[in-house]
Amino acid sequence: MNIAFPHLLPRQAVPELRVPVVGGRIYDIRKEAPAAFSLIVFYRGLHCPICKTQLKDLEAKLGEFERRGVTVLAISTDNEERAIQTSLGWHLPQLHIGYELPLAVAREWGLYISRGHEPDLFAEPAIYLVRPDGTLYFGSVQTMPFARPHFADILGAIDYVLKNNYPARGEADVTFEPLEAK
């Protein structure tokens, strides 16, 4: 079975993203107005210990992102109760935690979906930097919880990008003919 799997292209508009956030507000990427970027961190959910480590690191670096004009959201397919447990149990008082990401929206963002037991289906991790105009600048999408980009590296990249007005890369949407079997 060959199913079309979406991928986002740099310099193109990202899909809609409107989700509730722990604490009562609604995050809507179309209404965000960051000075430089929106950093969207899709995480697997409360069941993932690697996500806990990643989000604790992100919490520790929030001020660094904010100083660079970057707004930050971490989001999963978890329900509100699990998102609150994530925020409180993982000690993430400053990090905006979005929840109830519909799986169909996760797929529109090019995320991989896995089967589990807690919950039954969930999105695998990804990190996106979105420009204030709603276009994709950077994306890293994963099929597994391991070997994620480090936020210190992303901060360094943002510094370079902003200083040098470095363009988004990977924007060429080209199709190639399949190679013939030999």
Side-chain angles (χ1 to χ4, degrees), residues 8 10 14 17-78 80 82-101 106 109-112 122-170:
L8 304 185
V14 297
L17 183 62
R18 190 173 190 280
V19 294
V21 175
V22 171
R25 76 179 265 248
I26 298 292
Y27 178 91
D28 185 340
I29 197 158
R30 299 288 184 242
K31 294 181 180 174
E32 285 296 300
F37 296 103
S38 293
L39 175 67
I40 310 297
V41 178
F42 292 97
Y43 71 101
R44 300 172 85 223
L46 180 63
H47 66 280
C48 178
I50 297 171
C51 295
K52 179 179 180 179
T53 301
Q54 181 190 37
L55 295 188
K56 287 180 80 63
D57 180 49
L58 181 57
E59 169 88 14
K61 292 177 174 60
L62 277 177
E64 293 298 316
F65 282 105
E66 291 168 357
R67 279 190 277 288
R68 289 164 173 84
V70 179
T71 62
V72 178
L73 175 74
I75 182 173
S76 77
T77 59
D78 278 348
E80 181 179 19
R82 290 172 60 86
I84 291 169
Q85 288 177 17
T86 297
S87 181
L88 296 176
W90 293 0
H91 308 287
L92 306 171
Q94 303 302 313
L95 183 59
H96 296 292
I97 304 289
Y99 57 91
E100 294 179 356
L101 174 70
W109 278 80
L111 305 185
Y112 292 90
F122 58 89
E124 290 294 343
I127 297 175
Y128 289 107
L129 279 175
V130 179
R131 288 204 177 270
D133 67 0
T135 59
L136 179 66
Y137 182 79
F138 162 88
S140 174
V141 181
Q142 298 187 239
T143 64
M144 298 286 276
F146 314 111
R148 301 178 196 193
H150 296 279
F151 293 117
D153 293 339
I154 293 172
L155 286 165
I158 289 170
D159 289 342
Y160 182 85
V161 165
L162 295 176
K163 178 181 178 189
N164 296 290
N165 196 28
Y166 194 79
R169 307 303 303 156

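- Taking a cutoff of 4.0 Å between a charged side-chain nitrogen and a carboxylate oxygen, Lys61 and Asp57 qualify as a salt bridge.
- Classified by interplanar angle (parallel below 30°, tilted 30° to 60°, perpendicular above 60°), the ring pair Phe151/Phe65 is perpendicular.
- Within 6.0 Å of NE2 on His47 lie more than 12 heavy atoms contributed by other residues, nucleotides or ligands.
- Side-chain atoms of Asn164 do not come within 3.5 Å of backbone N or O of Tyr166 as any donor-acceptor pair.
- Rounding to the nearest 0.5 angstrom, the gap separating the CZ atom in Arg30 from the CZ atom in Arg18 is 12.5 Å.
- Between Leu17 and Ile75, the closest heavy-atom pair is CD1-CD1, 4.0 Å.
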**Report entry** Trace of the side chain to side chain contact (heavy atoms under 4.5 Å, CB included) decision for Tyr27 with Glu32
**Finding:** CA-CA 8 Å; Tyr27 178 91; Glu32 285 296 300; 3.4 Å; yes
Report task. Decide yes or no on side chain to side chain contact (heavy atoms under 4.5 Å, CB included) for Leu92 and Lys56, but give the supporting numbers first. Result -> CA-CA 7 Å; Leu92 306 171; Lys56 287 180 80 63; 4.0 Å; yes
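- For the atom pair Leu8 CG and Trp109 CH2, the distance stands at 6.5 Å (nearest 0.5 Å).
- A perpendicular orientation is assigned to the rings of Tyr128 and Phe42, their planes being inclined by more than 60° (bins at 30° and 60°).
- Taking 4.0 Å as the cut-off between side-chain N and carboxylate O, Glu64 and Arg67 count as a salt-bridged pair.
- When all heavy atoms of Pro149 and Ser140 are compared, the pair lying nearest together is CG-OG, 3.4 Å.
- No donor-acceptor pair closer than 3.5 Å links the side chain of Ser87 to the backbone N or O of Ala83.
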Query raised in the report: So Leu58 and Leu39, side chain to side chain contact (heavy atoms under 4.5 Å, CB included) or not? Walk me through it.
Result: CA-CA 11 Å; Leu58 181 57; Leu39 175 67; 4.0 Å; yes
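- Nearest heavy atoms, Leu136 versus Leu129: CD1-O, 3.6 Å.
- Using a 4.5 Å heavy-atom cutoff, the side chains of Pro145 and Glu124 are in contact.
- When all heavy atoms of Asp159 and Arg68 are compared, the pair lying nearest together is OD1-NE, 2.5 Å.
- The two residues Glu100 and Pro20 come nearest to each other via the heavy atoms OE1-CG, 4.2 Å.
- Residues Phe122 and Asp78 have side chains not in contact (no heavy-atom distance under 4.5 Å, counting atoms from C-beta outward).
- Across Ala168 and Tyr137, no two heavy atoms sit closer than the pair N-CE1, 3.3 Å.
- Under the 4.5 Å side-chain criterion, counting only non-hydrogen atoms from C-beta, Arg131 is not in contact with Pro10.
- For the atom pair CD (Gln85) and CD (Glu80), the distance works out to 11.5 Å, reported to the nearest 0.5 Å.
- Taken from CZ in Arg44 to CD in Gln142, the straight-line distance is 10.0 Å, to the nearest 0.5 Å.
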Report task. Given side chain to side chain contact (heavy atoms under 4.5 Å, CB included), test Tyr43 with Ile97 step by step and report yes or no. Result -> CA-CA 10 Å; Tyr43 71 101; Ile97 304 289; 3.4 Å; yes
